[in-house]
Amino acid sequence: MSGTTFGKGCHLHLIDGSAFIFRAYHALPPLTRKSDGLPIGAVAGFCNMLFKQVEDNKGPDAPTHVAVIFDHSGMSFRNEMYDQYKANRPPAPEDLVPQFPLTREATKAFNIACKEVEGFEADDIIATLACQARAAGGRVTIISSDKDLMQLVGGGVEMLDAMKNKRIDSDGVVEKFGVGPDRVVDVQALAGDSVDNVPGAPGIGIKTAALLINEFGSLEELLDRAEEIKQPKRRQTLIEMRDQIELSKKLVQLDCDMELDFTLDDLEVMEPDADTLMTFLTEMEFRTLSKRMADRLGVEAPAIPEAPAAAPVSAAAEAPEAVPFDKDKYECVRDAAALQVWVDRIRERGWVAVDTETTGLDEMVVDLVGISLCVEAGEACYIPLAHKAGGDDLFGGEGLSEGQMPLEEAVAMLKDVLEDPAVLKIGQNMKYDAKILHRYGVDVAPIDDTMLMSYALHAGLHGHGMDALSERYLDHTPIPIKPLLGSGKSAITFDRVPIEDAVPYAAEDADITLRLWQAFKPQLHQERVTTVYETLERPLVPVLAEMERNGIKVDRDTLSRMSNAFAQKMAGLEAEIHELAAETFNVGSPAQLGEILFDKMGLEGGKRGKNGKYSTGADILEDLATEHDLPRRVLDWRQLSKLKSTYTDALQDHINPDTGRVHTSYAQTGASTGRMASTDPNLQNIPVRSEEGRRIREAFVAEEGNVLLSLDYSQIELRILAHMAGIETLQQAFAEGQDIHALTASEMFGVPLEEMTPEIRRQAKAINFGVIYGISGFGLARNLRIPRKDAQGFIDRYFERFPGIRKYMDSTVEFAKEHGYVQTLFGRKIHTAEINAKGPKAGFAKRAAINAPIQGTAADVIRRAMIRMPGAIAHLPARMLLQVHDELLFEVPEAAVEETIAAAREVMENAADPAVHLDVKLVVDAGRGKNWAEAH
DNA sequence: GCTATCACG
DNA sequence: GACGTACGTGATAGCC
């Protein structure tokens with residue numbers, strides 16, 4: 001056949017490869033390669049399609065020429081016309097990303113032409129080839145269901161929806177668009193396309209567009225004679241939006257005149273090479289397809305080893321021993337040529353584990369020192385970028401070490417892959433590395449994070465730091481950092497570590513990260529936590545990174561004045577305390593205070609703790625305060641001491657000199673329940689309960705012309721409990737907006753609501769909280785300062801009135817005992833390791849098991865809201881700053897306050913939908929002010 | 001590095 | 001019958 005020229009009697013099949021991958025991915029269950037968990041579902045679907053194509057080669061309607069066309073990653077020429085083109089496309093799912101390069105490999109293995117062109121979309125190549133084939137008098141079948149391609153139908157060109165096995169000719173196009181193929185672009189230009197973000201004309205859909213085009217004949221005619229349109233609104237739109245409509249037409253119009261470096265003749269059908277193809281299918285471990293293909297090619301089917309037995313849950317045993325850790329194999333990348341080799345390998349692989357080395361831990365401040373990369377277990381490199389020369393040399397102290405490529409050059413070379421949507425970047429705590437790289441102009445995406453995977457898999461079992469994970473799941477002890485940096489006063493920063501010492505340490509981190517990813521990836525699916533990881537963990541990373549970068553403005557003068565005032569008051573109290581004690585001692589030392597109170601002064605109630613010291617906690621001092629003046633003074637002194645040292649003094653040190661703001665760091669895996677933790681500084685425990693403490697919030701302020709906005713969920717945990725336990729009385733009370741604590745009191749004590757006293761309500765409130773925490777008579781008694789048997793009586797009465805709550809508690813504990821974990825409504829698992837323990841530990845584990853689904857579900861809800869928030873407020877000048885478990889804090893110009901409240905409340909109140917339908921509605925309260933005290 | 005204390009939801 | 005208890009966090013100071 002070879003050598004024939006494309007022309008009459010020839011039949012060209014054009015396969016829209018990129019579109020097919022997405023359809024295969026979404027249509028098929030997630031499938032992974034058994035030996036290593038590589039996601040492979042879309043590749044399998046793709047190969048089955050190619051197999052059918054090869055089968056067709058012998059059929060009655062056999063193609064003479066065939067090609068699979070792919071989108072080239074990155075931007076197309078349409079983005080230069082309109083920067084929003086396809087801008088609202090979500091990034092490809094992370095388990096699809098590594099499959100892109102594999103589908104190209106598959107195409108080549110089937111010996112089918114595989115084409116893509118930088119700067120163009122697959123549709124344009126298809127259009128160009130179809131036009132060429134039509135001009136030459138041949139037939140064309142476009143295998144795709146993309147409606148954008150329908151403009152090409154006619155004159156021997158048809159489309160075939162491979163999944164539905166449906167052919168579309170000119171009549172089919174008329175059915176879909178109401179116009180013939182030659183007017184499809186006109187209709188699309190008017191109707192727009194939300195998927196590709198083509199604007200079109202607002203308020204006009206396909207139906208109306210077809211009507212107008214059929215009436216006027218063409219888009220140009222329509223726009224010129226728009227005055228003649230009868231409907232006033234439609235007329236106005238077409239006149240006002242003319243530019244946008246014309247731009248839309250350019251966006252949807254396919255380019256039929258691309259210059260290609262190949263011709264139709266290069267696409268001639270070829271038989272697959274048996275060796276190449278069988279090797280590929282065997283590598284992918286496709287058993288059925290290998291067998292069918294072997295039959296078809298008349299060769300022996302290769303043996304593919306059976307899958308190993310289901311992996312044990314404690315995975316230490318299944319650690320991939322195959323590739324031992326070998327720190328001598330790690331490469332030090334010192335120039336552009338060496339780095340280019342790695343960039344090429346990364347592109348070929350479709351994924352890379354990345355780790356950055358820096359001069360410290362505060363991402364807002366520290367500098368990049370080097371980057372390590374790993375594409376395959378055992379094969380990693382370190383790129384030193386800012387290591388300083390040894391300090392011995394009088395002049396070399398501040399100079400850079402030899403043999404490092406310029407930082408800007410390395411970052412520029414890596415930027416493309418790090419931002420490429422077709423290359424997955426894998427990290428351990430990626431938020432840190434992404435924030436560092438962001439400061440060097442790189443927006444890392446898409447990402448996977450082994451720390452978050454471990455959190456989704458193992459919350460409650462152990463921590464999620466790399467060292468612990470490596471020990472546990474790879475059976476490998478990482479090189480410790482301590483010997484490199486030293487400790488205490490002589491500690492150095494990473495840029496002072498000699499490069500030869502840095503290479504094995506840094507490269508190993510990337511190696512470990514990649515291996516952890518390979519171990520965890522298939523586990524997510526097996527443990528049924530893929531949805532948790534994909535919807536509650538992975539998408540939160542960029543949201544938290546942005547909040548942390550935003551920071552919140554803190555007024556140093558206000559804090560400083562408060563510190564001085566506290567210091568004065570403390571000095572006064574300290575003098576009084578020493579006088580009352582008749583000696584001077586360190587008021588801040590519980591040990592010394594205990595001896596004064598109980599030994600010297602002989603007060604009653606001294607209880608010694610484990611280490612023989614008297615206990616002097618607030619509750620004990622509170623009791624003693626009725627006997628003597630000293631304990632009250634100590635309580636006051638302690639409150640001031642706390643406020644001064646932890647807040648008014650320490651917060652000043654956290655004000656970033658560049659931004660004038662305080663940037664906390666959120667630990668996404670901090671709490672086992674799904675809650676976040678805030679550190680450096682902790683902005684989730686800024687005082688609010690006491691009057692003096694609350695004033696510290698006056699130092700958290702909005703920028704000039706802005707206000708702080710606080711939106712918090714009202715009673716979210718009780719609402720979730722009412723839903724989970726199915727307590728209709730409570731659900732109804734929430735639906736009617738009643739005072740839930742008063743209602744509880746009324747139900748329990750039989751007091752009518754109108755006769756409710758604050759004291760009775762307070763007791764009911766304590767019980768409601770107690771229920772959430774896994775109530776005990778002892779705990780409630782201590783909290784309410786009532787006799788234990790009275791507290792037990794309250795609890796008994798509560799359960800009598802709300803038997804569903806007890807049932808919920810019992811069944812939750814039962815579930816935990818059987819499975820070793822409990823779950824939130826959104827599927828998050830919290831492991832309850834010690835639930836079957838004996839002794840006092842059992843009580844702890846039981847209460848934690850009862851609390852975790854409630855606290856965790858509330859945490860999931862606000863996470864969902866936070867993930868949706870950037871999209872919901874993108875059109876507003878508002879910034880999300882802080883999260884405090886059930887509260888979100890925003891900063892917004894005064895003019896946009898109402899709109900922001902409406903948008904944010906909408907997101908928060910509906911955050912559970914559509915994954916979970918709650919039987920109680922969620923209610924969000926909003927406050928605003930120049931500072932956090934006013935807003936809250 | 002551990003313990004006690006106390007700030008928050 | 002004793003155990004020894006509210007759930008989840010982080011920062012600071014004292015003390016070894």
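Just so it is clear: chains get the letters A, B, ... in the order the sequence lines come, proteins before strands, and each one is counted from 1. Only a predicted model underlies this, so the values are computations on that prediction, with no experimental measurement involved.
- Residue G843(A) is classed as having no contact, given no heavy-atom separation below 4.0 Å to the nucleic acid.
- Applying the 4.0 Å criterion to OP1 and OP2 of dA6(C), one finds that R782(A) has a side-chain N or O inside that range.
- The separation between Y666(A) atom OH and dT9(C) atom C1' is 13 Å, rounded to whole Å.
- In the displayed structure, K930(A) atom NZ is contacted under 6.0 Å by more than 12 heavy atoms of other residues, nucleotides or ligands.
- Counting to the nearest Å, the C1' atom of dG4(C) and the NZ atom of K846(A) are 14 Å from each other.
- Salt-bridge annotation for D623(A) and R785(A): present, with a side-chain N of the basic residue lying under 4.0 Å from a carboxylate O of the acidic one.
- Classification of E537(A) and R828(A) as a salt-bridged pair holds, one side-chain N sitting under 4.0 Å from a carboxylate O.
- Among the protein residues, E887(A) comes within range of no part of the nucleic acid, since none of its heavy atoms lies under 4.0 Å from any strand.
- With respect to the salt-bridge test (charged N to carboxylate O, under 4.0 angstrom), the residues K553(A) and E891(A) do not qualify.
- Other residues, nucleotides and ligands place more than 12 heavy atoms under 6.0 Å from the CZ atom of R694(A).
- Residues F826(A) and T535(A) are not in side-chain contact: their nearest non-hydrogen atoms beyond the backbone lie 4.5 Å or more apart.
- Among the protein residues, A650(A) comes within range of the sugar-phosphate backbone only, with heavy atoms under 4.0 Å from sugar or phosphate atoms but none that close to a base.
- Taking the ring centre of F844(A) as origin, the terminal cationic atom of R847(A) falls inside the region bounded by 6.0 Å and 45° from the ring axis.
- dC3(C) and dA7(B) have their P atoms separated by 32 Å, with the value rounded to a whole Å.
- Taking the ring axis of Y821(A) as reference, the NZ or CZ atom of K829(A) stays within 45° of it and closer than 6.0 Å to the ring centre.
- At a threshold of 4.0 angstrom between heavy atoms, the contacts of E717(A) with the nucleic acid are absent.
- In terms of phosphate contacts, R847(A) brings no side-chain nitrogen or oxygen within less than 4.0 Å of OP1 or OP2 of dA6(C).
- Atoms CG (N851(A)) and P (dT5(C)) sit 18 Å apart, rounded to a whole Å.
- Distances were taken from every side-chain heavy atom of A671(A) (C-beta onward) to each of dG8(C), dA6(C), dC15(C); the shortest belongs to dG8(C).
- In this structure, H885(A) atom NE2 and dC7(C) atom P are separated by 16 Å, rounded to whole Å.
- The residue A781(A) sits apart from the nucleic acid: no heavy atom pair falls under 4.0 Å.
- Taking atom P in both dT5(C) and dT5(B), one finds a spacing of 14 Å when rounded to whole Å.
- The distance from atom NZ of K607(A) to atom P of dT5(C) is 11 Å, rounded to the nearest whole Å.
- Residues from residues 617-631 of chain A with heavy atoms under 4.0 angstrom of DNA chain B, sorted by number: G617(A), A618(A).
- Contacts of D886(A) with the nucleic acid, taken as non-hydrogen atoms under 4.0 Å apart, involve only primed sugar atoms and P, OP1 or OP2.
- By the 4.0 Å N-to-carboxylate-O rule, E622(A) lies too far from R782(A) to be salt-bridged with it.
- Of the charged side-chain nitrogens involved, none lies within less than 4.0 Å of a carboxylate oxygen, so that E546(A) and R549(A) do not count as a salt-bridged pair.
- Among the nucleotides dG14(C), dC7(C), dT5(C), the one closest to any side-chain atom of R788(A) is dT5(C).
- Of all nucleotides present, none satisfies the Watson-Crick or G-U wobble test against dA2(C) with each distance under 3.5 Å.
- The nearest whole Å value for the distance from the CD1 atom in I696(A) to the C1' atom in dA11(C) is 13 Å.
- Considering every non-hydrogen atom in both A725(A) and Y808(A), the closest pair reads CB-CB, 3.7 Å.
- A 4.0 Å heavy-atom criterion places the boundary nucleotides of DNA chain B facing chain A at dT3(B) to dG9(B), written 5' to 3'.
- For residues 676-694 of chain A, proximity to DNA chain B is found at Q684(A), N685(A), I686(A), P687(A), V688(A), R689(A), defined as any non-hydrogen atom under 4.0 angstrom from a strand atom.
- Contact annotation for S776(A): base contact, defined as any heavy-atom pair under 4.0 Å involving a base atom.
- Across all strands, L780(A) comes closer than 4.0 Å to base atoms (heavy-atom distances).
- Nucleotide dT5(C) holds its P atom 23 Å from the CZ atom of F769(A), rounded to whole Å.
- Taking the side chain of A848(A) as heavy atoms from C-beta on, and the options dG8(C), dC15(C), dG10(C), the nearest nucleotide is dG8(C).
- Distances were taken from every side-chain heavy atom of Q855(A) (C-beta onward) to each of dA6(C), dG8(C), dG4(C); the shortest belongs to dG8(C).
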Chi angles and distances behind the side chain to side chain donor-acceptor pair (under 3.5 Å) call for S589(A), N586(A):
CA-CA 5 Å; S589(A) 165; N586(A) 186 347; 5.5 Å; no

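- Between F734(A) and K921(A) the shortest side-chain heavy-atom distance does not fall below 4.5 Å.
- Each of dA11(C), dA6(C), dC15(C) was ranked by its minimum atom distance to the side chain of Y773(A); first place goes to dA6(C).
- Comparing the same atom, P, in dG4(C) and in dC6(B) gives a spacing of 23 Å after rounding to whole Å.
- If you run side-chain hydrogen bond (donor to acceptor under 3.5 Å, both in side chains) between S710(A) and each of E887(A), E934(A), R928(A), only E887(A) comes through.
- Straight-line distance from the CZ atom of R785(A) to the P atom of dA6(C): 13 Å, rounded to whole Å.
- When heavy atoms are screened at a 4.0 angstrom cut-off, S672(A) is found touching the sugar-phosphate backbone but no base atom.
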